[in-house]
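What follows is a short report on a single structure.
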Amino acid sequence: MDISKIPDFENLPEVKDMPQGCAWGVFDKDGKKDLLGTINIVTQDVLKGACAEAKDGVSISLNWPLNAMGFPLPGRIPPNHKQMTLKEAGLSDGAGWDDEIHFNTQLSSQWDSLVHWHHQPTGLAYNGISVTKEGLAAATTEANQTPTLDHWHAAGGLVSRGVLIDFKEWAEKKARGEGKTGDDAIVHPLDGHRITADEIETIAKDQGVEFRPGDVLIVRTGLTEYLQTPTPEVFAKLQGRKVSGMDGTMSSVKWLWNKHFAAVAGDAWAFEALPPVKEDGSEAGISDLVLHPWLLAMFGMPIGELWDLRALSAHCKATGRYSFMLTSAPLNIPGLIGSPPNALAIF
């Protein structure tokens, strides 16, 4: 695909009965509905550029342990990992082991597929697709006509350039520069800071990195570092129901599309700040999320959440390099709504 021909937000073709900026149909090819969304922006040239980032022989996992969440969450079961000998499994009298894992794909590091959150007024997923349990239960990915993560495998998974925007490091450095010390210089991810596109641009400039089409934008707030071993202070802050993340506004929506990112990710709970807020600044409900419906359902832009970015942050700070080759291969099973990213940052 010719990336230069992707329209900016205001110039996207009109989609009947949908708001301006809906990208349904933009990536369709040969009369077939697209199921990949902005992953299509990772062209061969983008991939080659990503591979050029891998020159130091360093690989960093961005995957939080499946059982890392330090407390239960309603509606999302903790992982159950069962180990058994081959004899117990009835497979062999030889010495050896098998295991089984039952887990919710949203409880740790994850990708949200393009069916995870829909355009709420219509109930439609990306590209105007109506999602049903029957459709998601397709026996093969080839038969699956919903925009789920298993389709990534036919495209070779995700290999692109990742860019870390280390908001926590930048904000705390800024606080220290203003003379703040101790707790006053800590930017806590449960204080609900709403990270704007302007701040992201400023951080990128300070880090010496420029965005390119096909990049995966990765934003660090530090959240997973607090959730894994929660203190009484963390539990107290959780009661406030505020979580830092990108500002959920139409300004952010337009900026994200116009940068032509292949995907976005971070260590925050929802990538976007929680709770959502209305245009007048008052608190809204979860059904009023802004980035989720626009990115997942309207653009086809996958969202990564709860990634483990501590080691990546330390390496980027030590080397002064904030761009890298990013690889991600979700699980490969038809109808996959969410998945561990199995993501690596390679320098």
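Remember, predicted model here, so these are calculated numbers, not experimental data.
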Smallest separation among heavy atoms of Ala329 and Asn342, with atom names: O-ND2, 2.8 Å
Side chain proximity check, Pro341 to Ser109, heavy atoms < 4.5 angstrom: yes
Side-chain touch Leu114/Met298, heavy atoms, less than 4.5 angstrom: no
Validation row, ring centre His188 to ring centre Tyr226 under 6.0 Å: yes
Nearest-0.5 Å distance that lies between atom NE2 in His315 and atom OG in Ser59: 10.0 Å
Heavy-atom check, side chain of Cys316 versus side chain of Gln207, under 4.5 Å: no
Partner residues of Asn63 under the side chain to side chain donor-acceptor pair (under 3.5 Å) criterion, sequence neighbours left out: Ser61
Linked hydrophobic residues, Leu35 as query - side chain contacts closer than 4.5 Å: Val115, Ile129, Val131, Leu136, Ile337
Over all atoms of both residues, closest heavy-atom pair of Pro276 and Gly285: CG-O, 3.3 Å
ILVMFWY clustering at 4.5 Å (side-chain atoms), partners of Trp97: none
In one Ile/Leu/Val/Met/Phe/Trp/Tyr side-chain cluster, 4.5 Å: Leu238, Leu274: yes
Heavy atoms from other residues, nucleotides or ligands near NZ of Lys174 exceed 12 (cutoff 6.0 Å): no
Pairs where residues 234-256 contributes a residue and the test salt bridge (charged side-chain N to carboxylate O under 4.0 Å, His left out) is met, not counting sequence neighbours: Glu10-Lys254, Asp191-Lys237, Arg194-Asp247
Thr146 side chain vs Gly135 backbone, donor-acceptor pair below 3.5 Å: no
Phe235 vs Leu190, side chain to side chain contact (heavy atoms under 4.5 Å, CB included): CA-CA, chis, key distance, verdict: CA-CA 10 Å; Phe235 282 118; Leu190 293 174; over 6 Å; no
Minimum side-chain heavy-atom gap Phe167-His193 below 4.5 Å: yes
Where Glu199 and Trp170 come nearest, the two heavy atoms and their spacing: OE2-CZ3, 4.4 Å
Of all pairs that satisfy side-chain hydrogen bond (donor to acceptor under 3.5 Å, both in side chains), the ones with a partner from residues 264-275, not counting sequence neighbours: Thr221-Asp267, Glu272-His292
Side-chain H-bond candidate by donor/acceptor type, Ser113 with His116, under 3.5 Å: no
His118 side chain to Gly123 backbone, donor-acceptor under 3.5 Å: yes
Gap separating the CG atom of Leu291 from the CD1 atom of Ile303, nearest 0.5 angstrom: 6.5 Å
Residues which pass side chain to side chain donor-acceptor pair (under 3.5 Å) with Gln106, listed by chain and number, not counting sequence neighbours: Gln110, Asp112
Side chain to side chain contact (heavy atoms under 4.5 Å, CB included) evaluation trace for Leu62 with Leu326: CA-CA 10 Å; Leu62 308 181; Leu326 177 78; 3.7 Å; yes
Glu14 atom CD, neighbour heavy-atom count above 12 within 6.0 Å: no
Residue pair Pro78 / Leu107: nearest heavy atoms and the distance that separates them: CA-CD2, 3.6 Å
Over all atoms of both residues, closest heavy-atom pair of Ala138 and Pro334: O-CB, 3.3 Å
Residues which pass ring pair (Phe, Tyr, Trp, His ring centres under 6.0 Å) with Trp255, listed by chain and number, not counting sequence neighbours: Phe211, Phe261
Any donor-acceptor pair under 3.5 Å from Ser339 side chain to Pro330 backbone: no
Donor-acceptor contact below 3.5 Å, side chain Glu172 vs main chain Val187: yes
Pair Thr141-His153, side chain to side chain contact (heavy atoms under 4.5 Å, CB included): steps then yes or no: CA-CA 9 Å; Thr141 294; His153 287 274; over 6 Å; no
Same apolar cluster: Phe103 and Met84, side chain cutoff 4.5 Å: no
Partner residues of Phe299 under the ring pair (Phe, Tyr, Trp, His ring centres under 6.0 Å) criterion, sequence neighbours left out: Trp257, Trp294
Under 3.5 Å, which donor-acceptor pairs do the side chains of residues 64-77 form with other protein atoms, sequence neighbours left out?
| unit_1 | atom_1 | unit_2 | atom_2 | d |
| --- | --- | --- | --- | --- |
| Trp64 | NE1 | Gln228 | OE1 | 2.9 |

Nearest heavy-atom neighbours spanning Leu86 and Gly94: CB-O, 4.1 Å
Cluster overlap Val209 with Leu256, hydrophobic side-chain contacts below 4.5 Å: yes
Salt bridge (Lys or Arg N to Asp or Glu O under 4.0 Å) between Arg220 and Asp166, intermediate numbers included: CA-CA 5 Å; Arg220 174 178 175 254; Asp166 199 339; 2.7 Å; yes
Whether over 12 other heavy atoms sit under 6.0 Å from Asp183 CG: no
Any donor-acceptor pair under 3.5 Å from Ser252 side chain to Gly248 backbone: no
Glu53 and Arg321 ion-paired at < 4.0 Å: yes
Listed partners of Trp152 passing ring pair (Phe, Tyr, Trp, His ring centres under 6.0 Å), at least two apart: Trp111
Side chains of residues 156-165: which donor-acceptor partners sit under 3.5 Å, not counting sequence neighbours?
| unit_1 | atom_1 | unit_2 | atom_2 | d |
| --- | --- | --- | --- | --- |
| Ser160 | OG | Gly214 | O | 2.4 |
| Arg161 | NE | Asp215 | OD1 | 2.9 |
| Arg161 | NH2 | Glu210 | O | 2.5 |
| Arg161 | NH2 | Asp215 | OD2 | 2.8 |

Single-linkage hydrophobic cluster, 4.5 Å side-chain cutoff, Val277 and Ile286 together: no
Under 3.5 Å: donor-acceptor pair, side chain of Thr202, backbone of Asp198: yes
Enclosure of Ile333 CD1 (heavy-atom neighbours >12, cutoff 6.0 Å): no
side-chain hydrogen bond (donor to acceptor under 3.5 Å, both in side chains) partners of residues 37-51, not counting sequence neighbours, each pair once: Asp34-Asn40
Under 3.5 Å donor-acceptor, Asp150 side chain and Gly335 backbone: yes
Asn144 and Thr140: side chain donor to acceptor below 3.5 Å: no
Check: Lys33 side chain, Asn127 main-chain N or O, donor-acceptor pair, under 3.5 Å: yes
Test side chain to side chain contact (heavy atoms under 4.5 Å, CB included) applied to Met18 and Trp24, step by step: CA-CA 10 Å; Met18 297 300 290; Trp24 296 353; 3.4 Å; yes
Check against salt bridge (Lys or Arg N to Asp or Glu O under 4.0 Å), Glu201 and Lys259: CA-CA 11 Å; Glu201 291 276 19; Lys259 286 296 181 184; 3.1 Å; yes
Asp280 side-chain N/O to Ser282 backbone N/O, donor-acceptor pair under 3.5 Å: yes
Close side-chain approach of Val219 and Trp307, heavy atoms under 4.5 Å: no
